[in-house]
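To keep things clear, I will list the structure first and then write my remarks on it.
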Amino acid sequence: KASRALQLDPDLSSPYAILGIMQGVDRRYEEAIASVERAVALGPGDAETQIALGYVQLFAGNHAEAAVAVETALRLDPNLSPINRQIAGLVFLIQGNTDKAIEALERARDEAPSVGDFRIDLAAAYARAGRLPDARAAVAEGLRSTSTAGSDSLSAYRLNGAQYRNPRDLALIIDALQQAGLPEWP
């Protein structure tokens with residue numbers, strides 16, 4: 001649908017952002033970065049395009065660029081959606097800024113209390129911050145409220161994290177989730 005939207009109006013930023021995200025998930029990082037940079041050029045004041053840039057840069061292993069994009073998105077829209085706060089939280093987590101990661105992920109959790117994925121990512125942030133009781137509680141809450149496979153076990157998280165270019169990025173999260181008590185298998 002993104003390619004069809006680009007055919008209809010090549011001056012819209014959102015189709016480029018969506019295309020970039022899809023390319024990133026497909027591990028086509030350079031194409032993904034080019035697509036989301038085009039989206040930002042077309043919509044520099046659009047927080048969604050900045051988040052898309054942060055998302056792609058995160059998985060491409062470009063942490064500083066991901067953080068700049070996420071910080072820009074937060075300046076443009078301090079009330080980002082929970083899913084965009086999750087992306088921000090992951091960027092901050094990978095960068096080692098656990099305070100900001102926890103802040104973003106707690107807000108995502110609070111604004112979407114039925115989404116267990118946010119609690120699982122929050123557990124990783126708590127674990128990285130040395131808050132293991134909070135991390136274990138977040139895993140327990142997350143497992144109770146997770147309705148879809150993908151964040152309910154370490155094995156699922158490894159599979160869904162395959163788009164990380166740098167294996168150390170995924171390993172950092174997996175290690176934190178192990179400390180938090182996420183089970184190996186559902």
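Just so it is clear, the values below take in all heavy atoms, side chains as well, and ignore hydrogens, waters and symmetry mates.
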Where do Asp169 and Gly61 come nearest, in terms of heavy atoms and distance? OD2-CA, 4.0 Å
Below 4.5 Å, heavy atoms only, C-beta onward: do Ile173 and Leu90 meet side chain to side chain? yes
Is the shortest heavy-atom distance from the side chain of Thr98 to the side chain of Phe92 under 4.5 Å? no
Are Leu80 and Ile83 in one and the same hydrophobic cluster, where Ile, Leu, Val, Met, Phe, Trp and Tyr link if side-chain heavy atoms are under 4.5 Å apart? no
Using the rule given for side chain to side chain contact (heavy atoms under 4.5 Å, CB included), can you reason through Asp77 versus Gln50, listing the C-alpha separation, both sets of side-chain angles and the distance that settles it, and then say yes or no? CA-CA 10 Å; Asp77 183 1; Gln50 293 290 339; over 6 Å; no
Could you grab the distance from atom CG of Leu159 to atom CG of Leu154, nearest 0.5 Å is fine? 12.5 Å
Determine whether the side chains of Arg75 and Thr72 contain a donor N or O and an acceptor N or O closer than 3.5 Å. yes
Electrostatic pair Arg107:Glu111 at N-O distance under 4.0 angstrom: yes
Side-chain touch Ser13/Pro44, heavy atoms, less than 4.5 angstrom: no
Minimal heavy-atom distance between Val70 and Ala88, with the atoms involved, is CG1-CB, 3.3 Å
Residue list, salt bridge (charged side-chain N to carboxylate O under 4.0 Å, His left out) with Arg109, at least two apart or on another chain: none
Sub-4.5 Å side-chain heavy-atom contact between Arg85 and Leu105: no
Leu74, Phe118: one ILVMFWY side-chain cluster at the under-4.5 Å cut-off? no
Closest non-hydrogen atom pair between Ala101 and Ala125, with its separation: CB-CB, 4.1 Å
Shortest non-hydrogen contact from Ala124 toward Ala176: O-CB, 3.5 Å
The side-chain hydrogen bond (donor to acceptor under 3.5 Å, both in side chains) partners of Gln57 (sequence neighbours excluded) come to Asn62
Report whether Val56 and Val68 are members of the same hydrophobic cluster (ILVMFWY, side-chain heavy atoms less than 4.5 Å apart, transitive linking). no
If you look at every heavy atom in Ile120 and Leu177, which pair is closest and at what distance? O-CD2, 3.3 Å
Given side chain to side chain contact (heavy atoms under 4.5 Å, CB included), test Tyr157 with Asp121 step by step and report yes or no. CA-CA 10 Å; Tyr157 214 102; Asp121 288 341; 2.3 Å; yes
Side-chain heavy-atom pair Leu182, Leu143 within 4.5 angstrom cut-off: yes
Examine Ile94 and Ile102 and state if one hydrophobic cluster contains both, with Ile, Leu, Val, Met, Phe, Trp and Tyr joined whenever side-chain heavy atoms are less than 4.5 Å apart. no
Nearest-0.5 Å distance, CG of residue Asp46 to OG of residue Ser14: 7.5 Å
Please check this pair: side chain of Asp26 against backbone of Arg28, looking for a donor-acceptor N/O pair closer than 3.5 Å. no
Taking the side chain as C-beta and beyond, is there a heavy-atom pair between Tyr55 and Asn84 under 4.5 Å? no
Is there a path of hydrophobic side-chain contacts, each under 4.5 Å between heavy atoms of I, L, V, M, F, W or Y residues, that connects Val36 with Val25? yes
Could you grab the distance from atom CD1 of Ile18 to atom CG of Leu12, nearest 0.5 Å is fine? 10.0 Å
Taking side-chain hydrogen bond (donor to acceptor under 3.5 Å, both in side chains) as the test, write out the residues that go with Arg144, two or more places apart. none
To the nearest 0.5 angstrom, please state how far the CG atom of Asp117 sits from the CG atom of Leu122. 12.5 Å
Residues in salt bridge (charged side-chain N to carboxylate O under 4.0 Å, His left out) with Arg27, at least two apart? none
Would you kindly say whether Gln179 and Asp175 are connected by a side-chain donor-acceptor distance under 3.5 Å? yes
Sequence neighbours excluded, which residues qualify as ring-ring contact (aromatic ring centres under 6.0 Å, His included) partners of Tyr29? none
Nearest-0.5 Å distance, CD1 of residue Ile174 to OH of residue Tyr164: 9.0 Å
Which atom names give the shortest non-hydrogen contact between Pro186 and Asp152, and what distance separates them? CB-OD2, 3.6 Å
Before giving the answer on side chain to side chain contact (heavy atoms under 4.5 Å, CB included), spell out for Arg119 and Ser145 the whole-Å C-alpha distance, their side-chain angles and the decisive distance to 0.1 Å. CA-CA 9 Å; Arg119 287 170 165 43; Ser145 58; 3.8 Å; yes
Just do the side chain to side chain donor-acceptor pair (under 3.5 Å) check on Ser35 and Gln23 with the steps written out, would you? CA-CA 9 Å; Ser35 293; Gln23 290 166 327; 2.7 Å; yes
How long is the straight-line distance from CD of Glu31 back to CG of Leu19, given to the nearest 0.5 Å? 8.5 Å
Contacts table for residues 126-137: side-chain donor-acceptor under 3.5 angstrom, sequence neighbours left out:
residue: Tyr126; atom: OH; partner: Glu106; partner atom: OE2; Å: 2.6
residue: Arg131; atom: NE; partner: Asp134; partner atom: OD2; Å: 2.8
residue: Arg131; atom: NH2; partner: Asp134; partner atom: OD2; Å: 2.9

Could you tell me whether the side chain of Ser155 and the main chain of Glu184 form a donor-acceptor pair under 3.5 Å? yes
